[in-house]
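Notes follow once the structure below has been shown.
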Protein chains: 2
Amino acid sequence: MRASSPERPSRGSGVPTPRRRRASGRGSAEHDGAPRGIPEASIARLPLYLRALVAMADRGITSVSSEELAGASGVNSAKLRKDLSHLGSYGTRGVGYEVDYLVYQISRELGLTQDWAVAIIGIGNLGRALANYGGFATRGFRTACLIDADPNQVGQRVSGLAVRHLDDLEALIAEHRVAIGVIATPAGAAQEVADRLVAAGVRSVLNFAPAVLTVPPGVELRKVDLSTELQILAFHEQRRVSAVAFEAAANAVVPDDVGDVIDAELGPVAPAASGLRV
Amino acid sequence: MRASSPERPSRGSGVPTPRRRRASGRGSAEHDGAPRGIPEASIARLPLYLRALVAMADRGITSVSSEELAGASGVNSAKLRKDLSHLGSYGTRGVGYEVDYLVYQISRELGLTQDWAVAIIGIGNLGRALANYGGFATRGFRTACLIDADPNQVGQRVSGLAVRHLDDLEALIAEHRVAIGVIATPAGAAQEVADRLVAAGVRSVLNFAPAVLTVPPGVELRKVDLSTELQILAFHEQRRVSAVAFEAAANAVVPDDVGDVIDAELGPVAPAASGLRV
DNA sequence: GCGCTTTTGTGCGCGTGTTCACAAACCCGT
DNA sequence: ACGGGTTTGTGAACACGCGCACAAAAGCGC
Ligand SMILES: NC(=O)c1ccc[n+]([C@@H]2O[C@H](COP(=O)([O-])OP(=O)(O)OC[C@H]3O[C@@H](n4cnc5c(N)ncnc54)[C@H](O)[C@@H]3O)[C@@H](O)[C@H]2O)c1
Ligand SMILES: NC(=O)c1ccc[n+]([C@@H]2O[C@H](COP(=O)([O-])OP(=O)(O)OC[C@H]3O[C@@H](n4cnc5c(N)ncnc54)[C@H](O)[C@@H]3O)[C@@H](O)[C@H]2O)c1
């Protein structure tokens, strides 16, 4: 692959020479001819590495091996090395990686050497928590505006920023050059808000509402779904209980309803509710 | 595989007749701890289907095809069918799926026919939002206790529930039979809280703190990482900009429109900040 | 009963991601 | 200069999940 690469910027002289990745052959009939190449799965882990590296830098650590960094990030070291190799050949064999240098390279790859303006739409429980959260600002994101549809919310100050009305959405997006829209409205309003954001030029959306949104191609949509996370945990919890119950039932004569056996275990608070809610 | 299966419960007479699935009873001698192997990826989508199905049921829809349900869930219909096939053969060829019946089956599989007690640890911005959120209770989860280390927080009522002190964690877990622990403390405290939860018997943990946690095998750990989500979006945003810039550079002859496009497009607020933060 | 239509359930090829394991590269002491 | 010790970068095998495409079932009209 890159074995034939001429040579990498020798780090001795300090300033790194950003190298553009070549559009890996593969005549895939994919969308945009972007300088493709770095796997989505790897990208999703870069923030993890970055966080661990920054923590190390704070502790005064200047050099780190893939094994150490992998441990701190909770991943396999081979995976870590392969992930980093997608950015370039930034390590030193027999030594490891220089922390500062790697922090810079990952930051650059993730686009964190710039500030991105973020708009939060829906300033309720969750939107307010997000607005008050200091962790974003320190990581390259600037909460540029807060938007809500409720006239009672409009004008209130949250974390030093005034809540603006939904009517001004388009103007605010343009004014602040908002790049990322965060949707924290009720599910029913989410699609409409997304549509307006996209129409206003936003091409990155993070959705917290429990709704399936559709956006045109070219717009990046990610979602955070808390209910789903809990439900996945519930599945494993139940499976664990059933496994025990199953074993127990193997001895007894199973009548018709296995369910009764299950809730004998320490699991749920309420005895197997008859009516299903959800 | 099971094509030659002798016969499955024929629900020919139209009526749902909720039928319990075979407890892996058939002659097969596969007896491991886990009764069955339903792929993790499928499980993660079940809540999505469930949500769509419930919405349909509310609208009075009683029957749905895989194509329709897949559309409403934003997934490929073949994938949907394969996912559902892991639960059993609950559809009717040529017709589709009965909404109520499917809601029941998925709920059962996810363990949502029971209530699970949830503890939230760290009642700050985020923990408070979670505690105030009504969406959990309606989906089989009951916020059983709120725990914080700050004496000033202790005793306050949030959403009708008094905040308790961290010292009582073990007692509260036992008392309420907490099955799921939600960590919303600062990152520095997360591992310690997780350790105490696990020691107290909790085997499902949802972590919001930006920290890599380790839990013993057998404990299910999931995380929600908002900063990471934003950083992934930032990556795509940046890639998009570079792609345009790249193209512009290639066609250096016509810089006119392209250059404007870049500027006009929502770029970073600050022109490539010199200092990297993160 | 029979053929026609519809839709499920799934076999199969494919691409993506993960992990192992090892040669190449580098540092350092002698 | 050189050899020994260490760690990277990556080829290759493996595992997994996705989606196409199709035969098998079910319903329906006649
Ligand atoms: N609070 C949580 O912990 C939590 C957890 C999981 C999911 N969610 C989801 O996040 C979203 C927000 O939750 P929340 O608890 O903050 O709800 P909330 O009701 O407290 O806040 C919603 C806010 O959105 C505003 N709003 C309504 N329609 C709007 C529109 N069209 N445009 C702009 N603003 C609008 C409302 O005025 C309100 O201020 C919901 O979809 C919820 O399901 C929240
Ligand atoms: N607020 C957000 O929108 C947001 C977004 C992303 C991530 N997070 C993460 O979620 C976590 C909570 O965020 P927040 O904004 O609510 O912070 P916060 O500072 O408002 O709240 C933290 C709470 O945890 C309590 N606490 C501290 N140590 C504790 C301990 N050992 N045991 C129990 N409670 C303890 C504090 O008293 C405080 O009430 C943080 O790790 C943060 O990084 C928050």
Side-chain angles (χ1 to χ4, degrees), chain A residues 1-8 10-12 19 21 24-30 36-46 48-49 62-71 73-99 101-102 105, chain B residues 1-15 21 37-46 48-49 63-71 73-99 101-102 105:
Chain A
M1 258 201 175
R2 57 156 290 291
S4 62
S5 170
E7 68 202 5
R8 70 190 171 88
S10 116
R11 267 151 60 270
R19 213 168 10 118
R21 216 151 280 58
S24 120
R26 179 102 56 69
S28 67
E30 273 295 66
R36 226 289 22 113
I38 167 160
E40 190 65 27
S42 292
I43 293 160
R45 283 186 295 267
L46 291 184
L48 215 59
Y49 306 150
T62 61
S63 176
V64 67
S65 73
S66 65
E67 202 70 48
E68 291 165 338
L69 182 51
S73 307
V75 304
N76 180 297
S77 72
K79 181 153 61 179
L80 169 80
R81 287 197 299 275
K82 188 156 284 187
D83 285 344
L84 293 183
S85 79
H86 287 122
L87 309 187
S89 198
Y90 296 145
T92 304
R93 293 161 123 108
V95 176
Y97 301 87
E98 196 186 330
V99 174
Y101 185 63
L102 209 47
Q105 289 298 343
Chain B
M1 188 200 193
R2 58 170 298 296
S4 62
S5 165
E7 67 204 4
R8 68 186 170 91
S10 106
R11 5 198 282 294
S13 54
V15 185
R21 232 150 107 312
I38 164 164
E40 191 65 27
S42 292
I43 293 160
R45 284 186 295 267
L46 291 183
L48 215 59
Y49 307 149
S63 177
V64 67
S65 72
S66 65
E67 202 71 48
E68 292 165 337
L69 181 51
S73 307
V75 304
N76 179 294
S77 73
K79 181 153 62 179
L80 169 80
R81 289 197 298 276
K82 189 159 288 184
D83 284 344
L84 294 183
S85 78
H86 287 120
L87 309 188
S89 200
Y90 295 145
T92 304
R93 291 168 192 241
V95 177
Y97 301 87
E98 198 186 329
V99 174
Y101 186 63
L102 209 47
Q105 290 298 344

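Worth saying up front: this structure is predicted, and the values here are computed from it rather than measured. In what follows, every chain begins at residue 1, and chains take the letters A, B, ... in the order their sequences are listed.
The phosphate of C:dG9 (OP1 or OP2) has a side-chain N or O of B:Ser89 nearer than 4.0 angstrom. Contact annotation: A:Asn76 side-chain N/O to C:dC20 OP1/OP2 distance is under 4.0 Å. Not one side-chain nitrogen or oxygen of A:Ser65 sits closer than 4.0 Å to the OP1 or OP2 atom of D:dT7. A close approach under 4.0 Å does not occur between any side-chain nitrogen or oxygen of B:Tyr97 and OP1 or OP2 of C:dT6.
Residues A:Ser73 and A:Arg45 fail the side-chain proximity criterion, which asks for heavy atoms closer than 4.5 Å. A heavy-atom distance below 4.5 Å is found between the side chains of B:Ile43 and B:Glu40. Using a 4.5 Å cut-off on side-chain heavy atoms (C-beta onward), A:Ser63 and A:Val99 make no contact. Side chains of B:Leu102 and B:Tyr49 form no contact here, defined as non-hydrogen atoms less than 4.5 Å apart.
In the set C:dC26, C:dC20, C:dT18, the nucleotide with an atom closest to the side chain of A:Thr92 is C:dC26. Checked against C:dT8, D:dC20, D:dG27, the side chain of B:Val95 finds its nearest nucleotide in D:dG27.
Counting distance only, with no hydrogens placed and no angle test, the side-chain atoms of A:Lys82 and the base atoms of C:dT19 include a donor-acceptor pair under 3.5 Å. Counting atom types as modelled, A:Arg93 pairs no side-chain N or O with a base atom of D:dT7 as donor and acceptor under 3.5 Å.
B:Lys79 has its NZ atom 13 Å from the C1' atom of C:dT16, to the nearest Å. Computed from coordinates, the A:Asp83 CG to C:dT16 P distance equals 16 Å when rounded to whole Å. The distance from atom CD1 of A:Ile38 to atom P of C:dT16 is 14 Å, rounded to the nearest whole Å. In this structure, A:Leu102 atom CG and D:dT7 atom P are separated by 16 Å, rounded to whole Å. The interatomic distance linking A:Glu98 (CD) with D:dT8 (C1') rounds to 15 Å, in whole Å. Distance CD (B:Glu40) to P (D:dG17): 8 Å, rounded to an integer number of Å. Atom-to-atom, CZ of A:Arg81 to P of C:dA24 comes out at 16 Å; the value is rounded to the nearest Å. In this entry the distance linking CG of B:Leu80 with P of D:dG17 reads 17 Å, nearest Å.
Here A:Tyr97 and A:Tyr90 keep their ring centres 6.0 angstrom or further from each other.
As judged by a 4.0 angstrom heavy-atom cut-off over every strand, A:Ala41 is placed among residues touching the sugar-phosphate backbone only.
Between B:Ser66 and A:Gly94, the residue anchored closer to the 5' end of DNA chain C is B:Ser66, taking for each the nucleotide with the nearest heavy atom.
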